[in-house]
Amino acid sequence: MGGPCQAFAKDHTEVATSTSDSDDEMPLSTRVVSVKTEKNGVVPSRYADDSGSDSDDGVPLAKLKGKVYAKPNRCASNSGSGSGSGSGSDSGSESDQPLSTIKAARNVKAPKKEAAGASNGSAAKAGVKRPKKEPASAPKDAKKPKVSAKDKGATSAAKKPAATAAAAKGAAKAKNGTKSKIVVKSESNVTAASQDDNGDSDSEEYKWWLEEKNDDGPKWTTLEHFGVMFPPEYVPHGIPLTYKGKPFKMHPAVEEVATFFAALVDTEHGNNPVFQQNFFMDFRALCNKHMGNHPIEEFKDCNFDKIRAHLDVQSAKRKAMTKEDKEAAKKERLAIDEKYGFCTLDGRREKVGNFRIEPPGLFRGRGAHPKTGRLKKRVLPEQVTINIGKEAKVPDPPAGHKWGNITHDNTVTWLAMWKENINGSTKYVYLAAGSSLKGQSDMRKYEKARSLVKCIDKIRSEYTKELKSEVMAVRQRATAMYLIDRFALRAGNEKGDDEADTVGCCSLRCEHIDLEPPNIVKFDFLGKDSIRYERTTEVDKQVWKNLRLFQKEPKTPGDMLFDRLTTASLNKHLQTLMPGLTAKVFRTYNASYVFDQQLVDTPADGTEAEKILAYNRANRMVAVLCNHQRAVSKGFEGQMSKIEDKLLAVRYQRMLLKNHLLEIAPTMKKKRPDLGKKEPGVTASWIKKHLIANCEIDREKATKKFERDNEKLKEAREPVMPKSKLKEILAEIDEREKSIKKGTYVAEPPVAKNALTEKILEKIDKLTERIANIEVNKIEKDENKSTALSTSKINYIDPRISIAWCKKHNVPLEKIFTKTLREKFTWAMDVDKDYRF
DNA sequence: CTGGTTACTTAGCACACTCTGA
DNA sequence: TCAGAGTGTGCTAAGTAACCAG
């Protein structure tokens, strides 16, 4: 098998020759690495000053802006398209360097670790965590804080003399309630939103962002909380499953799982064969365990209808709850939130995020997840580790139970933790997004991305150079960096066979790209959450050549494109370019950068609506860049055709006016050539349908009006109109309909008979404007149907850009940030209106 | 290295809730 | 006034990336 040694040796000797290149119009450089940037200019224009040609510049979105990008599409099954292309115009000469060995080394998927989830002995290990860094409980070199032993502040202040000590002092003060300047009364109205005064108005906020930062070191000094909340026990309903037509009464534990499935019958999951199979496997195992000999053999013989009916009744009941009941339920919920929803961190009350232990259920893996449908078991307190301050009271576990473990690790931010049985992964209870801990790391994230702004030029010119490196590993790395930078691809860690087959940059396989000369790349692969990434775009010529080289024989579809690259090696390299730089920073950087750039186009004297439109446009551009998608809503097609119809109706109106005008003033045609233009889509058959539909509408209208009028007359004690009056009107409409059907009907232009040409023209122009509006709406709606704006707003766009924009353009913040978002971003509220990313 | 852990961020979906326009 | 579209939030799956032992 060649062995690692061989591969290792390769790494250093390997030359990315590619000599041949058959069509030598673009020979890859050999020895001499030329520095000049190709005309396709990956880099400069963009950050330098932008003013430059906007033609092709480096803005990743340049391409996206136009219609070039392909419609994103969801696809459940991978397929791999079978293309593979192989392209490599013959010869392939490819020289001495047998990629095959490399391929052998990396391409073999690691023999999957026996699914950790299968055996749940893992639970026993819960809570035994590797001693990371220096757990603050025993700081090696901590100076004794002179604040007194019981004030646990400043545990390891020694590490970072000045800053840390200062921060620690701050923390200590805060704790004592001295709250010197750290706590500042919320000042001048940032915008209306910053002072939601729902309740906690009096308590001064802790403005951590005004403190000196203290990146590493302990995350907290004291921590108190109430633990986690467990889901309610299962209450059996006693309704049997129907098996081969016979009722099958179940043990409660079995019944519970059957009920999980019943809830999913006729949903996408419930219809998925893998889901069914996995569910059924676990279901049968449970039957075996609890019900001795039972008849359950085949999934297809199970009928869940009765249970399903019961569930439907239940949910109907829930919906029909009285106001009081609903109120009571809400109160109960609030009481729970009040208790578990908060913790005390360094003396301050902070919101806890997901304090509810995940209830049991059927695992809903996304995409083609091999384990989808398996039973996610109920979590017991014995499996839960509680992380809490040393001095704090350990919360009581549920009666009759014990906690799995108690730790006091202040190097981490989680309050509780447990192992989940499907993939053996760890679930954590963290503070809420609006907490100081989360806020701090959020802010750090954006600051890091911002520091990339300063060195991106250098990084780009460097990887551009390295695109021609003779060392294959370096060339691959440079190419990957290009893709990550330009197209905001994710890093692409390796994945196991027991997960859905999704990829990111480093894990791209040959079948995921198609190359078209001279420099077109078609990406088509499933990314995170099995969301399809489909994009056809131009790339730098050298990148294109590299991709062709990486794809070349002996590689075949299924082989790694970047066989000499891992996310770890990539990130290691990135660290050398800028401290803290990793692949994902590029995503944050590009998203925020593009957003910031796009907002420059906001119409300064536009209406609020126009400004918000510009904002959302910028937002959408980022979402497209990051490929953030959402499912197209059910009614979308219908809504769309409604808009289309409305559009045609207005066009039809305009057509009538135009015809009318040209009739009474034929000379206008010269002055206004647009008057002679046809209205697209307004065909004879459409007009007919439209007019007939109008008849129906008119009938309804007439009837309603008649009834209403009579109602009024009655009230006024006046004689009502006779039914025959309505009949007359309806008969008229009937007449009209008949003539439409016969084709003898002549529509009246929607204008007064003796209207002047100017008046008619004015009307036409108004309609034109309306048409433009509807069209914009339509395009917006269409673009939005599958694009999710929220993800980028929450995770990628520096909130300070948005807040500064609001201040600058006088738009109330709540127009763009929901309440939770405003809470999450309190740290950014004080930003200057001229802030640039 | 490599594989396994651990901790934390990012992601889309379901569903409750709110708004809006006939 | 009420249905149906649009929003907001909670939930939890699925990523990234660092660290550690062997």
Side-chain angles (χ1 to χ4, degrees), chain A residues 4-5 7-8 11 74 110-113 116 122 125 127-133 219 267-269 315 318-319 326 330 337 353-359 361 363-367 369 371-372 376 387 409 411-414 417 419-420 422-428 430-433 437-438 441-442 445 490-496 499-500 502-504 506-507 527-531 566-572 574-575 580 582-585 587-588 626-631 633-636 638-639 642 697 700-701 704 781 784 786 788-792 794-796 817-821:
Chain A
C5 280
F8 181 70
D11 204 3
R74 175 147 303 190
K112 267 320 64 171
K113 50 227 173 188
S122 46
K125 265 179 74 188
V128 193
K129 73 178 285 288
R130 98 198 109 99
K132 212 185 91 188
K133 290 181 196 160
K219 301 288 204 307
T267 64
E268 203 150 319
H269 283 302
S315 81
R318 232 174 302 126
K319 254 187 206 154
K326 273 187 188 162
K330 194 173 177 188
D337 282 2
N354 54 329
F355 57 81
R356 268 175 245 266
I357 294 276
E358 294 175 14
F363 175 66
R364 288 138 118 119
R366 312 212 177 126
H369 198 297
K371 292 185 179 177
T372 193
K376 194 168 99 169
N387 189 35
D409 185 353
T411 66
V412 296
T413 65
W414 52 268
M417 174 221 95
K419 271 250 158 87
E420 150 270 343
I422 303 285
N423 298 297
S425 67
T426 319
K427 302 278 193 166
Y428 300 89
Y430 294 111
L431 295 193
L437 277 182
K438 291 278 193 182
S441 77
D442 210 30
K445 172 180 79 184
R490 295 190 183 81
N493 283 317
E494 288 225 348
K495 294 191 68 187
E499 299 169 277
T502 63
V503 298
C506 294
S507 48
K528 182 177 179 179
D529 292 309
S530 294
I531 296 295
T566 63
T567 52
S569 68
L570 174 63
N571 280 335
K572 210 174 148 202
L574 294 178
Q575 295 285 354
T582 63
K584 86 188 193 81
V585 178
R587 247 166 105 81
T588 314
C626 295
N627 201 36
H628 290 143
Q629 298 191 21
R630 60 181 188 154
S633 77
K634 251 192 279 149
F636 180 80
Q639 290 163 24
K642 254 189 208 163
I697 292 170
E700 264 173 46
K701 265 191 198 160
K704 273 200 180 141
K781 196 173 171 77
N784 245 357
S786 60
L789 302 191
S790 55
T791 308
S792 48
I794 296 169
N795 299 303
Y796 288 103
F817 282 169
T818 63
K819 181 162 157 276
T820 32
L821 233 35

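In this text, all values refer to a predicted model and were calculated from it rather than measured experimentally.
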J.: A/Gln629 side chain N/O closer than 4.0 Å to the phosphate oxygens (OP1, OP2) of B/dA11?
T.: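 So the side-chain polar atoms of A/Gln629 never come under 4.0 Å of the phosphate oxygens OP1 or OP2 of B/dA11.
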J.: Tell me the interatomic distance from A/Ile531, atom CD1, to C/dA13, atom P, rounded to whole angstroms.
T.: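 In whole Å, C/dA13 P lies 16 Å from A/Ile531 CD1.
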J.: For A/Thr567 and for A/Lys642, locate the closest nucleotide of DNA chain C by heavy-atom distance; then report the residue assigned to the nucleotide nearer the 5' terminus.
T.: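 The answer here is A/Lys642.
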J.: Looking at every strand, decide which applies to A/Gly504 at a 4.0 Å heavy-atom threshold: base, sugar-phosphate, or nothing.
T.: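 Contact class for A/Gly504: none.
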J.: Is any side-chain heavy atom of A/Arg364 closer than 4.5 Å to a side-chain heavy atom of A/Thr267?
T.: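 The answer is no; the side chains never approach within 4.5 Å.
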J.: Using OP1 and OP2 only, check whether a side-chain N or O of A/Thr818 sits under 4.0 Å from C/dT9.
T.: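 Answer is yes, contact under 4.0 Å.
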J.: If you look at every strand shown and take non-hydrogen atoms under 4.0 Å, does A/Lys376 touch a base, only sugar-phosphate, or nothing?
T.: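 Touches sugar-phosphate only.
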J.: If every non-hydrogen atom of A/Phe363 is compared with every non-hydrogen atom of A/Lys371, which pair is closest and at what distance?
T.: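 Residues A/Phe363 and A/Lys371, closest heavy atoms: CD2-O, 3.4 Å.
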J.: Grab the CZ-C1' distance between A/Arg356 and C/dG10 for me, whole Å please.
T.: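 Going from A/Arg356 (CZ) to C/dG10 (C1'), I get 9 Å.
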J.: Heavy atoms under 4.0 Å, any strand shown: does A/Ala568 hit a base, just sugar-phosphate, or nothing?
T.: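 Nothing, no nucleic acid heavy atom in range.
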J.: Go through B/dA7, C/dG6, C/dA13 for me and flag the one nearest to the A/Tyr428 side chain.
T.: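 Among B/dA7, C/dG6, C/dA13, the one nearest the side chain of A/Tyr428 is B/dA7.
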J.: Considering only side-chain heavy atoms of A/Lys584, which listed nucleotide, C/dA14, C/dT9, B/dT9, is closest?
T.: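 The listed nucleotide nearest to A/Lys584's side chain is B/dT9.
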J.: Closest approach to the side chain of A/Asn354, judged atom by atom: which nucleotide of C/dT12, C/dG15, C/dA18 is it?
T.: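 From the listed options, C/dT12 comes nearest.
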J.: For a quick check of understanding: with a heavy-atom distance under 4.0 Å over all strands, which category does A/Arg587 fall into, base, sugar-phosphate or nothing?
T.: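 Sugar-phosphate, backbone atoms only, no base.
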J.: For each nucleotide in nucleotides 17-22 of chain B, reading 5' to 3', give B when a protein heavy atom comes within less than 4.0 Å of its base, S when such contact involves only the sugar-phosphate, and - otherwise.
T.: ------
J.: From the options B/dT6, C/dA18, C/dT12, select the nucleotide whose nearest atom is closest to the side chain of A/Lys419.
T.: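 Closest nucleotide among those given: B/dT6.
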J.: So, do A/Asp409 and A/Trp414 sit near enough that their side-chain heavy atoms are less than 4.5 Å apart?
T.: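 Side-chain contact under 4.5 Å: no.
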J.: Measuring from the side chain of A/Thr820 (C-beta onward, heavy atoms only), which nucleotide among B/dC8, B/dA11, C/dT9 has the closest atom?
T.: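 Of the options given, the side chain of A/Thr820 lies nearest C/dT9.
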J.: Round to the nearest Å and state the distance from A/Met417 atom CE to B/dT5 atom C1'.
T.: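 From A/Met417 CE to B/dT5 C1': 11 Å.
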J.: Identify, between A/Cys626 and A/Tyr430, the residue whose nearest nucleotide on DNA chain B lies closer to the 5' end.
T.: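 This one resolves to A/Tyr430.
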J.: Judged by each residue's nearest nucleotide on DNA chain B, which is more toward the 5′ side, A/His628 or A/Lys572?
T.: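 Final value for this comparison: A/Lys572.
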J.: If you check the A/Val412 side chain, which of B/dA11, B/dT9, B/dC8 turns out closest?
T.: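 The answer is B/dC8.
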J.: Just call it for A/Asn493: base, sugar-phosphate, or nothing, with non-hydrogen atoms closer than 4.0 Å on any strand.
T.: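 Touches a base.
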J.: Could you tell me whether the side chain of A/Lys528 has a donor or acceptor atom within less than 3.5 Å of a complementary atom in the base of B/dT10?
T.: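 Donor-acceptor pair under 3.5 Å: yes.
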J.: Separation of A/Arg490 atom CZ from C/dA14 atom C1', in whole Å?
T.: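 Interatomic distance, CZ of A/Arg490 to C1' of C/dA14: 9 Å.
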J.: Considering residues at least two apart in sequence or located in another chain, which fulfil the side-chain hydrogen bond (donor to acceptor under 3.5 Å, both in side chains) criterion with A/Ser441?
T.: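 Counting only residues at least two positions away or on another chain, A/Ser441 forms no side-chain hydrogen bond (donor to acceptor under 3.5 Å, both in side chains).
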J.: Using a heavy-atom cut-off of 4.0 Å across all strands, would you classify A/Thr413 as base, sugar-phosphate, or nothing?
T.: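 Sugar-phosphate only.
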J.: Base, sugar-phosphate alone, or nothing: which one does A/Thr502 contact when heavy atoms must sit under 4.0 Å apart?
T.: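 The residue A/Thr502 makes sugar-phosphate contact but no base contact.
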J.: I'd like to check A/Thr566 versus A/Glu494 (side-chain heavy atoms, cut-off strictly below 4.5 Å). Are they in contact?
T.: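 They are not in side-chain contact.
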J.: Would A/Arg490 and A/Val503 count as a side-chain contact (heavy atoms from CB on, under 4.5 Å) here? Give the steps.
T.: CA-CA 9 Å; A/Arg490 295 190 183 81; A/Val503 298; over 6 Å; no
J.: Once you round it to whole Å, what is the distance between P of B/dA16 and NZ of A/Lys319?
T.: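 Value for this atom pair: 7 Å.
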J.: Which heavy atom in A/Asn354 sits nearest to a heavy atom in A/Tyr430, and how many Å separate them?
T.: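 Here A/Asn354 and A/Tyr430 meet closest at OD1-N, 3.1 Å.
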J.: Measure the CZ-OG1 distance between A/Arg366 and A/Thr372 for me, rounded to the nearest 0.5 Å.
T.: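 The distance works out to 10.5 Å.
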J.: Can you tell me the distance, in whole Å, between the CD1 atom of A/Ile794 and the C1' atom of B/dG12?
T.: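 Taking atom C1' of B/dG12 as the reference, CD1 of A/Ile794 is at 11 Å.
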J.: Specify the residue among A/Gln639 and A/Val585 whose closest nucleotide of DNA chain C lies further upstream toward the 5′ end.
T.: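 The 5'-side residue here is A/Gln639.
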J.: With a 4.0 Å limit, can you tell me whether A/Tyr796 has a side-chain N or O closer than that to the phosphate oxygens OP1/OP2 of B/dA11?
T.: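 For B/dA11, OP1 or OP2 has a side-chain N or O of A/Tyr796 closer than 4.0 Å.
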J.: Separation of A/Glu494 atom CD from B/dT5 atom C1', in whole Å?
T.: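 Rounding to the nearest Å, CD of A/Glu494 and C1' of B/dT5 are 17 Å apart.
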J.: At under 4.0 Å between heavy atoms, what does A/Arg366 touch on the DNA or RNA strands: base, sugar-phosphate, or nothing?
T.: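 Answer is base: heavy atoms of A/Arg366 come under 4.0 Å of a base.
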J.: Rounding to a whole Å, what distance do you find between A/Asp529:CG and C/dA13:C1'?
T.: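 Rounded to the whole Å, the gap is 7 Å.
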J.: Is A/Ser441 touching bases, backbone alone, or none of the nucleic acid, heavy atoms closer than 4.0 Å?
T.: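 Sugar-phosphate only.
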J.: Does B/dG12 have its OP1 or OP2 closer than 4.0 Å to a side-chain nitrogen or oxygen of A/Thr791?
T.: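 So the side chain of A/Thr791 is within the cut-off, an N or O lying under 4.0 Å from OP1 or OP2 of B/dG12.
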J.: Is A/Gly492 touching bases, backbone alone, or none of the nucleic acid, heavy atoms closer than 4.0 Å?
T.: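 It contacts sugar-phosphate atoms only.
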J.: Heavy-atom distance under 4.5 Å between the side chains of A/Cys626 and A/Thr791, does that happen here?
T.: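 SC-SC contact between A/Cys626 and A/Thr791 ruled out.
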J.: State the CZ-OG distance between A/Arg630 and A/Ser786, to the nearest 0.5 angstrom.
T.: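 It is 8.0 Å, given to the nearest 0.5 Å.
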J.: Counting only side-chain N and O atoms of A/Lys445, is one of them less than 4.0 Å from OP1 or OP2 of B/dT9?
T.: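 Answer is no, no contact under 4.0 Å.
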